[in-house]
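The block underneath contains the structure these notes are about, expressed in C-alpha cells.
First listed ligand is number 1; within each ligand, the first listed atom is number 1. Position 1 is the first residue of the sequence, and the numbers go up from there.
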Amino acid sequence: MQERTLLRMSIAVAVAAIVMKTGAWWVTGSVGLLSDAMESSVNLASALFSLAMVTIAARPADDDHPFGHTKAEYFASGFEGLLIAGAALAIGWAAAQRFMNPQPLQGLGLGLALVVASSAMNGALAWKMMAEVRRTGSVVLEADARHLYSDVWTSAGVVVGLIGVQLTGWLWLDPAVALLVAANIIRAGARVVWGSVEGLMDKAVEPEVQARIDRTLARFAEPQIRFDDMVTRRAGSRRFLDMHMHVPAGWTLGRAAALRGEVEQALMTEVDGLRASIQLLPSNLEARFNAVESTSP
Ligand SMILES: [Zn+2]
C-alpha cells in the first residue's frame, strides 16, 4: 500500500480515536482519559504534518527555490511541537484541578471499552505500517507507526490506572496517570522542536552519511589529488556537500573536470538525495571564502 494512502488512513484513525477517547472522558469524567484523547490529537497533528512533508518534499526545485522545498518540513514540525506542548499544559492544568478537587469516576465499563477499541485500531494500523516500512524503508511511515505504538502504551497505562482506581478507591491515581502522560507528551514535543531547530540551523550530515562520503572519496585517493575544506548540511531529506579538489597545476582543465564529474557522480550515487559541488583548484593554491593564498607546493 502507498505511503500517502497509509498516512491518510492514519489521519482518519486519529480523528476516530479523538472522538472515542473524548467520549470515554465525557462518560467517566477521568482526566487520565482526557490526557489520552489529547495525545491522540498529537498523533493527528503529526500525521497531517507527515502527509504535508511527503507532498512538499516531492515538489521539484523551481526558479524561486533552486535548492528545493525540503526545509518546509522544519516549519511544520516546529508548529507541531508547539501544539504538543499546548496539549501537555492543558492536561497538567486539568490534573492539578482534579488533585485539589477529587471526583468519583462513572461509567467505567463503557469508557474502558471505547479506549480499548480505539487502541486496537491504532495497533492494527501501526502493524500494517511497519509491514510497509520493512518493504520500502520509509522513515516517515516508521516515525508515524512508532508514534501509534506509543499511543497504545499510553492508553494501556491509563486503563491500568483506572482499574486501579476501581479496585482501591484511590481517586488521586487518575490525575497521577494524567500527569505521567503529560510528561511523556512534553518529551515527544521537545524532541520534535529540537529536530526542527537543528534542521533550520544547517546541521552537518549524520555520521553514517559522512562515513559513506569518506569511503567514496577514498576510492579516488591518489598522491597528487587532495580533497579538503569539506562542509556538509542537511535540509529535510536532502543533503548538501561543498569541498575542494586539488589537482596538479599542469593538468588540462578537461582532464580535471572529467575527474571532478566522476567524483561528484560517485558521491551522489552512494548517498541518496545528495547534491555535491566540488571546486577545482591546483595543488599549490588554497581558496577560503574570498581569500586566495599560495601554499608551498
Ligand atoms: Zn582546499
Side-chain angles (χ1 to χ4, degrees), residues 53-54 56-78 81 137-140 142-143 190-297:
M53 183 182 97
V54 167
I56 292 174
R59 202 181 291 170
D62 54 31
D63 288 346
D64 286 342
H65 304 92
F67 288 95
H69 299 84
T70 44
K71 271 196 171 181
E73 73 174 78
Y74 298 126
F75 292 106
S77 63
S138 160
V139 283
V140 175
E142 185 175 358
R191 206 156 48 190
V192 169
V193 171
W194 183 243
S196 63
V197 167
E198 288 201 316
L200 289 172
M201 293 302 289
D202 282 341
K203 194 177 168 69
V205 297
E206 302 84 338
E208 62 269 23
V209 173
Q210 184 65 52
R212 285 161 75 178
I213 290 170
D214 293 341
R215 263 204 312 277
T216 307
L217 291 180
R219 299 213 309 262
F220 293 91
E222 274 182 63
Q224 75 261 42
I225 294 166
R226 187 172 88 243
F227 299 106
D228 61 18
D229 287 83
M230 188 197 298
V231 286
T232 62
R233 66 186 175 92
R234 43 178 121 157
S237 57
R238 300 213 59 185
R239 301 289 177 271
F240 294 87
L241 177 156
D242 288 271
M243 66 170 185
H244 293 170
M245 184 172 99
H246 294 270
V247 300
W251 278 24
T252 65
L253 180 59
R255 180 178 178 189
L259 180 62
R260 173 177 67 181
E262 268 181 59
V263 174
E264 281 176 348
Q265 202 51 57
L267 286 170
M268 294 195 260
T269 307
E270 175 69 26
V271 180
D272 211 28
L274 177 75
R275 175 184 168 134
S277 44
I278 301 176
Q279 189 181 348
L280 272 180
L281 286 164
S283 306
N284 58 345
L285 263 191
E286 194 53 276
R288 289 200 172 98
F289 298 104
N290 297 321
V292 178
E293 63 197 51
S294 268
T295 58
S296 49

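- The closest approach of His244 to the Zn ion (ligand 1), by N/O/S atoms, is made by ND1.
- Between Glu262 and Arg219 there is no salt bridge, since none of the side-chain N atoms of the basic residue sits less than 4.0 Å from a carboxylate O of the acidic one.
- Distances from the Zn ion (ligand 1) to each N, O or S atom of Asp228 single out OD1 as the nearest.
- Counting non-hydrogen atoms of neighbouring residues, nucleotides and ligands closer than 6.0 angstrom, the CG atom of Asp272 reaches no more than 12 such neighbours.
- Surrounding CD of Gln265 are at most 12 heavy atoms belonging to other residues, nucleotides or ligands under 6.0 Å away.
- Looking only at its N/O/S atoms, Glu286 has OE1 as the one nearest to the Zn ion (ligand 1).
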For this session: With side-chain contact (heavy atoms from CB on, under 4.5 Å) as the test, would you mind laying out the steps for Thr232 and Arg239 before giving the verdict?
Result: CA-CA 7 Å; Thr232 62; Arg239 301 289 177 271; over 6 Å; no
